[in-house]
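Please read these numbers as outputs of a predicted model, since none were measured by experiment.
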Amino acid sequence: MDIVVLDVVIPVSVAIFLTLIHFVGEKISSRLHKWHSQLESLGAGLMVGILFLELLPQVSIGAIVLDFYIYIPLLTGFVIIALIEKIVYKKMLNEDISSTNKLPANDKEVHHETETDSSVEHESDVMELVCIIPEQNAIFEAIALITHSLMIGILVALIFSEYPLEVSFIIMIPFVIRAFTVAFSAEQIMEDLNKKPEKIFRILSIIAPSLGAFVGVFLVLSEVAFFIIFAFALGLVLFTVIRDMIPLGKKGKPMFFIIGIIFTVGIFLLNELVLLH
């Protein structure tokens with residue numbers, strides 16, 4: 001019975017600790033504003049490193065249990081979040097066009113003159129900007145963060161169930177740094193949300209890691225259920241991390257992104273070295 005209790009308490013406690021680190025990062029984010037780009041890029045590098053070195057390899061393990069069927073929930077999760085994004089953006093675009101049609105006559109004339117003077121290329125840029133509204137884009141980024149946090153909690157439970165205690169804590173090092181650095185991106189995302197969604201997502205961000213760890217403890221008891229849910233959630237994370245979490249264009253600091261990747265690879269290789277001995 002004591003072993004069962006420890007199997008639950010340790011992963012959940014680690015998940016709570018990661019949540020506290022994330023909370024501290026959010027609280028001091030305003031004081032480290034000049035370092036936001038560096039920390040966001042570092043956090044993105046850690047997230048991508050964890051995604052490819054810790055999360056995706058579990059799919060190959062799941063293939064032993066579910067054969068190639070493991071890729072169906074993975075694909076389903078990816079497709080569902082992609083479709084939701086497209087449907088929401090299309091609805092937003094239609095609403096924007098409707099609101100334009102409802103403008104007073106004088107405003108319509110000005111709007112028409114502006115369109116006439118604009119080039120086709122400019123119109124394409126405007127349409128693209130219409131689709132990417134900060135508040136709505138923040139929702140998808142928030143979903144990515146919550147889902148990723150849930151996955152992290154599940155992965156914490158998996159790690160502590162498969163590896164010796166000391167090795168498990170070593171593996172947690174990039175998770176701790178990730179929890180701190182991602183907090184700066186999370187705070188920016190939360191600020192872009194409306195008041196009600198912001199409150200909901202903040203609550204979810206607090207409970208997601210612990211909930212994931214708690215659920216993960218019981219999921220590992222059933223390999224089939226675990227890998228189906230894991231693969232589905234991973235599909236969501238795979239799309240949203242690549243789509244929204246990695247700083248694009250001129251945003252971010254490539255060097256810090258690479259540092260995050262290298263650090264995760266280093267910890268991964270250190271873990272493998274410890275396991276070999």
Q. When rounded to the nearest 0.5 angstrom, what is the spacing between CG in L150 and OG in S210?
A. 10.5 Å
Q.
With a 4.5 Å cut-off on side-chain heavy atoms, are F175 and L155 touching?
A. yes
(Q) Distance check, rounded to the nearest 0.5 Å: K253 atom NZ versus I258 atom CD1? (A) 14.5 Å
Q: Answer yes or no: is there a donor N or O on one side and an acceptor on the other, between the side chain of S41 and the main chain of Q38, under 3.5 Å?
A: no
(Q) Once rounded to the nearest 0.5 Å, what's the spacing between atom CZ of F227 and atom CD1 of I61? (A) 6.0 Å
Q. Y71 versus L74: any side-chain heavy-atom pair under 4.5 Å?
A. yes
Q. Between I80 and F239, is any pair of side-chain heavy atoms under 4.5 Å apart?
A. no
Q | Distance-minimising heavy-atom pair for A157 and A213 | A | CB-O, 3.5 Å
Q) Do side-chain atoms of S60 reach the backbone of L56 as a donor and acceptor pair under 3.5 angstrom? A) no
Q: Check whether any side-chain heavy atom of T264 lies under 4.5 Å from a side-chain heavy atom of F52, and answer yes or no.
A: no
(Q) Just so I know, are the side chains of L53 and V265 near enough to count as touching, which here means a heavy-atom distance under 4.5 Å? (A) yes
**Q.** Spacing of I159 atom CD1 and I152 atom CD1 [to the nearest 0.5 Å]
**A.** 8.0 Å
Q.
Test side chain to side chain contact (heavy atoms under 4.5 Å, CB included) on V215 and I229; report intermediate values, then the result.
A. CA-CA 11 Å; V215 171; I229 295 175; 5.8 Å; no
Q.
If you compare all heavy atoms of I206 against all heavy atoms of T19, which two are closest, and at what distance to 0.1 Å?
A. O-CG2, 3.4 Å
Q. Looking at CD1 of I207 and CZ of F214, how far apart are the two atoms once the value is rounded to the nearest 0.5 Å?
A. 13.0 Å
Q. Got a second to check how far L75's CG is from L234's CG, nearest 0.5 Å?
A. 12.0 Å
Q. Does the side chain of I177 reach to within under 4.5 Å of the side chain of I21, using non-hydrogen atoms?
A. no
(Q) Does atom CZ (F263) have a neighbourhood of more than 12 heavy atoms from anything else shown, all under 6.0 Å? (A) yes
Q. In the single-linkage hydrophobic clustering (I, L, V, M, F, W, Y; side-chain heavy atoms under 4.5 Å), do L238 and F68 co-cluster?
A. yes
Q.
Is there a side-chain contact between F218 and F226 in this structure, where contact means two heavy atoms from C-beta onward sitting under 4.5 Å apart?
A. no
Q.
Do V224 and I228 have side chains that approach each other closer than 4.5 Å (heavy atoms only, starting at C-beta)?
A. yes
